[in-house]
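Whatever order the structure lists ligands and atoms in, that order sets their numbers, starting from 1. Residue indices begin at 1 and follow the sequence shown.
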Amino acid sequence: MIENMKKIAIIGGGAAGMICAVRLKKYGFNVAVLERGARLGRKLSATGNGQGNVTNLDMGASRYFSDDTEKVARLLSRYGAAEFIGFLEGLGGIFLPDSRGRVYPASRQASAVTDLLRRELARLNVDVHCNTFVDSLIYEKNGFTLSGSGAQMRADAVVFAAGGKAAENFGTDGSAFALIKPFGHTVTELRPALVALRCEQNGVRGLKGIRVDGLLRVLRSGKELYRCRGDVLFTDNGVSGDAVFRASSYAREGDTLLVDLLPDVSEERLKQATANADGEDCLLCIVNNGLGRVLWKRAGGNKNRAVALVKEFPLTVTGTLGFDRAQVTRGGIPLSETDEALMSRKRAGLYFAGEALNVDGECGGYNLQWAFTSASRAAEGIYETYAE
Ligand SMILES: Cc1cc2nc3c(=O)[nH]c(=O)nc-3n(C[C@H](O)[C@H](O)[C@H](O)COP(=O)(O)OP(=O)(O)OC[C@H]3O[C@@H](n4cnc5c(N)ncnc54)[C@H](O)[C@@H]3O)c2cc1C
């Protein structure tokens with residue numbers, strides 16, 4: 001490690017902020033992390049249903065939504081899934097993929113990933129300030145002044161890693177964007193993504209709690225926009241589950257969701273299986289009993305129609321459950337306002353990392369990967385510019 005007394009302040013102690021701090025400290029900088037919450041990495045600890053799906057072996061820019069997916073591709077080629085796994089295993093721990101390429105800590109505990117990063121920050125003596133809500137960021141006299149929660153700090157460079165607007169209970173309500181707007185930055189329209197969908201009540205009545213491994217298609221004016229296979233969980237006001245989260249990136253109010261409730265079985269085979277059965281139990285041992293009864297009712301007691309509904313169960317989208325229940329934010333600071341190292345084109349010395357940028361990924365580890373990719377590149381950029 002080279003000794004480098006340039007001071008770098010990081011706004012936000014989430015996944016991106018913590019990773020960036022580790023990188024910068026290892027480059028030899030004097031690093032401070034300013035986090036409004038009482039602890040670092042609260043959102044990270046909740047990821048992957050508490051199991052911490054950190055990345056995915058099936059990595060590529062096509063998994064992301066952004067104003068510049070080519071830049072995302074360039075950044076991923078530098079700091080991809082293998083580099084992320086290598087970084088984490090370099091801190092200790094073992095990270096393993098499941099059958100779908102989703103990578104988790106072997107312990108399957110997201111909070112342990114947070115602890116791994118916290119342990120490293122403590123080992124490196126990174127200056128961590130929790131309960132510090134940064135409410136002012138000014139550039140003056142060749143440096144930045146950050147203020148908040150009664151304290152003030154000077155820094156040579158700043159990394160803005162304050163997240164987006166999703167899951168406000170983890171400290172991300174979108175208010176931090178106000179800090180960078182005075183520098184001339186814009187923020188694209190923000191929308192909740194990776195979120196459960198609300199559907200017309202008639203479509204889901206009687207199905208709450210039923211889960212299928214379905215093939216989900218999103219249709220707008222009859223045209224298919226997206227399809228994916230995965231969990232579809234019926235809730236009291238719509239659908240949730242990993243297939244729905246992925247589809248939520250495409251679906252809008254008024255769109256139709258067509259769910260194939262039994263994608264591995266053809267309609268032909270369903271007809272054969274139900275040939276000798278009539279009545280509301282004709283789908284016994286084919287679909288969940290409760291689901292079978294609803295299909296029968298919705299088909300008006302017509303077996304062929306009930307079988308057809310198994311293959312194409314329609315739902316009308318009426319909206320999403322909103323930012324509070326979303327895993328990630330669609331939109332943010334456009335990549336076009338940053339250079340290749342994610343430094344602001346408006347104010348030299350101001351860098352960006354994580355969900356605050358206009359980049360969000362599909363469900364399956366892509367968003368934590370982006371936190372790593374962007375934080376690593378920003379740290380490297382700071383090293384290229386400020387190392388003495
Ligand atoms: C329930 C849930 C499950 C998820 N599961 C997965 C998953 O399995 N895999 C995956 O890849 N992604 C998952 N995600 C998404 C992923 O967690 C986020 O995209 C990622 O954590 C973003 O990291 P970040 O550091 O950019 O932002 P955040 O983790 O949101 O961190 C930003 C931090 O900045 C702080 N902050 C904000 N404003 C200020 C301010 N003014 N001053 C000081 N601090 C401030 C906040 O308190 C927060 O701690 C999940 C998200 C949720 C909500």
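R229 and D264 are joined by a salt bridge, as a carboxylate oxygen and a charged side-chain nitrogen come within less than 4.0 angstrom of each other. With respect to the salt-bridge test (charged N to carboxylate O, under 4.0 angstrom), the residues E224 and R217 qualify. The pair K311-E267 fails the salt-bridge criterion, with no side-chain N (NZ, NE, NH1 or NH2) lying under 4.0 Å from an Asp/Glu carboxylate O. For the pair D242 and R100, the salt-bridge criterion is met [side-chain N within less than 4.0 Å of a carboxylate O]. Residues R205 and E200 are not paired through a salt bridge, judged by the lack of any N-O separation under 4.0 Å between the basic side chain and the carboxylate. Remark: R118 engages D115 in a salt bridge, criterion side-chain N to carboxylate O under 4.0 Å. Under the 4.0 Å criterion applied to side-chain N and carboxylate O atoms, D278 and K303 are assigned as salt-bridge partners. We find that K165 and E168 are not joined by a salt bridge, their nearest charged nitrogen and carboxylate oxygen being 4.0 Å or further apart.
Side-chain N or O atoms of D281 include none that pairs as donor or acceptor with a backbone N or O of L284 at under 3.5 Å. Listed for the T47 side chain is no donor-acceptor partner under 3.5 Å among the backbone atoms of S45.
Summary of contacts: the protein heavy atom closest to atom 11 (O) of ligand 1 is L368 N, 2.7 Å. Shortest contact from atom 29 (O) of ligand 1 to any protein heavy atom: G14 CA, 3.7 Å. The protein non-hydrogen atom at the shortest distance from atom 5 (N) of ligand 1 is G48 N, 3.1 Å. Given atom 44 (N) of ligand 1, the protein heavy atom at minimum distance is R36 N, 3.1 Å. Annotation: atom 22 (C) of ligand 1 to nearest protein heavy atom, E355 OE1, 3.5 Å. Nearest protein neighbour of atom 34 (O) of ligand 1, counting heavy atoms only, is G12 CA, 3.2 Å. When hydrogens are left out, the protein atom nearest atom 2 (C) of ligand 1 is Q327 CG, 3.8 Å; that is the closest non-hydrogen contact. Protein heavy atom nearest atom 27 (O) of ligand 1, with residue, atom name and distance: G163 CA, 3.6 Å.
Within the listing of ligand 1, atoms 26 (O) sit less than 4.0 angstrom from a heavy atom of G354. Using a 4.0 Å cut-off to heavy atoms of A176, the atoms of ligand 1 that qualify are 38 (N). For ligand 1, the atoms closer than 4.0 angstrom to any heavy atom of L34 are 43 (C), 44 (N). Of all atoms in ligand 1, listed by their number and element, those nearer than 4.0 Å to a heavy atom of G365 are 9 (N), 10 (C), 11 (O). Applying the 4.0 Å criterion to heavy atoms of F170 picks out, from ligand 1, the atoms 46 (C), 47 (O), 48 (C), 49 (O). Near N367, meaning under 4.0 Å from any of its heavy atoms, are these atoms of ligand 1: 11 (O), 12 (N), 15 (C), 19 (O).
Under 4.0 Å from ligand 1, the heavy atoms of A167 that appear belong solely to its side chain. Contact annotation for Y366 and ligand 1: only backbone heavy atoms (N, CA, C, O) come within less than 4.0 Å of the ligand. Neither the backbone nor the side chain of D135 has a heavy atom within less than 4.0 Å of ligand 1. When heavy-atom distances to ligand 1 are checked against a 4.0 Å cut-off, E35 comes that close through both its backbone and its side chain. With a 4.0 Å heavy-atom cut-off, ligand 1 is reached by the backbone of A161 but not by any atom from C-beta on.
Remark: the T172 side chain and the K43 side chain contain an N/O donor-acceptor pair separated by less than 3.5 Å. A side-chain N or O of Y79 and one of E380 form a donor-acceptor pair less than 3.5 Å apart. In summary, the side chains of D173 and S175 do present a donor paired with an acceptor at a separation below 3.5 Å, with no hydrogens or angles considered.
Considering backbone and side-chain atoms alike, A16 places an N or O below 3.5 Å from some N or O of ligand 1. Taking only nitrogen or oxygen atoms, main chain and side chain alike, G164 does not reach within less than 3.5 Å of ligand 1. Annotation: V134 places an N or O atom under 3.5 Å from an N or O atom of ligand 1; distance criterion only. For ligand 1, the polar-atom distance check finds no N/O of A356 at less than 3.5 Å from any of the ligand's N/O atoms.
Closest heavy-atom approach to atom 28 (P) of ligand 1 among the candidates K43, H129, K165, Q51: K43. The heavy atom nearest to atom 1 (C) of ligand 1, considering only A166, A162, S45, A46, is found in A46. Summarising the contacts of atom 9 (N) of ligand 1 with V54, V195, N53, the nearest heavy atom is found in N53. When T47, N169, L194 are ranked by how near their heavy atoms come to atom 50 (C) of ligand 1, first place goes to T47.
Following chains of ILVMFWY side-chain contacts shorter than 4.5 Å, one cannot reach I11 starting from I138, and the two form parts of different hydrophobic clusters.
Under a 4.0 angstrom heavy-atom cut-off, T132 registers as being in contact with ligand 1. In this structure, L44 has no heavy atom closer than 4.0 Å to ligand 1.
Residue A166 comes nearest to T329 through the heavy atom pair N-OG1, 3.1 Å, listed as atom of the first residue, atom of the second, then distance. Nearest heavy-atom pair, V54 versus L88, reported as atom, atom and distance to 0.1 Å: CG2-CD1, 4.1 Å.
Taking the ring axis of F65 as reference, the NZ or CZ atom of R330 stays within 45° of it and closer than 6.0 Å to the ring centre.
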